[in-house]
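Order of listing sets the numbers, starting from 1, for every ligand and every atom in it.
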Amino acid sequence: MGQLQHLFNSHSFWARGRQRDDLQRMLRGSQVAVSAWSGRELIGFGRATSDGVYRALLWDVVVHSGHQGQGLGRMLVQRLLASPELSGVERIYLMTTNSAGFYQRLGFEPVTQQLLLHKQS
Ligand SMILES: CC(C)(COP(=O)(O)OP(=O)(O)OC[C@H]1O[C@@H](n2cnc3c(N)ncnc32)[C@H](O)[C@@H]1OP(=O)(O)O)[C@@H](O)C(=O)NCCC(=O)NCCS
């Protein structure tokens, strides 16, 4: 769990400061998670929640900055999409601040007719 915490703290902007206990709960609450390793170092991660039929969401796709631009992010997303929990699901969503181009290369399209709403606790 320490490696995931480190990857999030060092290479994401939205998942910094997450606590180990909460990360464990996060993993338990995700239907699928994928990881990439260089030896014993965690260098990539992604996860998804899914009802298995109608809707799924990708979350927390991160590649270590020293390993970006080598196809790792693409591989992580493709693995998530190919997983039994996601393949065949009617619609798969994700939210991104600055990586829309990356996901569009993977077949995702911007949604213009819907509005993203959120509620913070
Ligand atoms: C976004 C991220 C996951 C991409 O991973 P990566 O391993 O660097 O990407 P890949 O090497 O697999 O790139 C696949 C393709 O997407 C393109 N691409 C990568 N990042 C991109 C970006 N931010 N915007 C547009 N295109 C991008 C690559 O040029 C490549 O194009 P190609 O098909 O012409 O070769 C990675 O840069 C990252 O972790 N960034 C920081 C965290 C982040 O912002 N995550 C997204 C959360 S929604």
| request: Write down the atom of Ala48, the atom of Leu86, and the distance for their closest heavy-atom approach. | output: CB-CD1, 3.7 Å

| remark: By chain and number, the residues contacting ligand 1 below 4.0 angstrom (heavy atoms only) are His11, Trp14, Val61, Val62, Val63, Gln68, Gly69, Gln70, Gly71, Leu72, Gly73, Arg74, Met95, Thr96, Asn98, Ser99, Gly101, Phe102, Tyr103, Arg105

| message | Could you check whether any side-chain heavy atom of Met75 comes within less than 4.5 Å of a side-chain heavy atom of Val34, counting everything from C-beta outward? | response | no

| query | With distance as the sole test, does Glu85 use its side chain to make a donor-acceptor pair with the main-chain N or O of Ser30 at under 3.5 Å? | reply | no

| message | For a side chain to side chain contact (heavy atoms under 4.5 Å, CB included) check, start with the C-alpha distance between Phe108 and Thr96, then their side-chain angles and the critical distance, and finish with the verdict. | response | CA-CA 11 Å; Phe108 287 85; Thr96 181; over 6 Å; no

| message | Any heavy-atom pair between the side chains of Gln104 and Pro110 that's under 4.5 Å? | response | yes

| request: Can you label the angle between the His6 ring and the His11 ring as parallel, tilted or perpendicular, going by 30° and 60°? | output: perpendicular

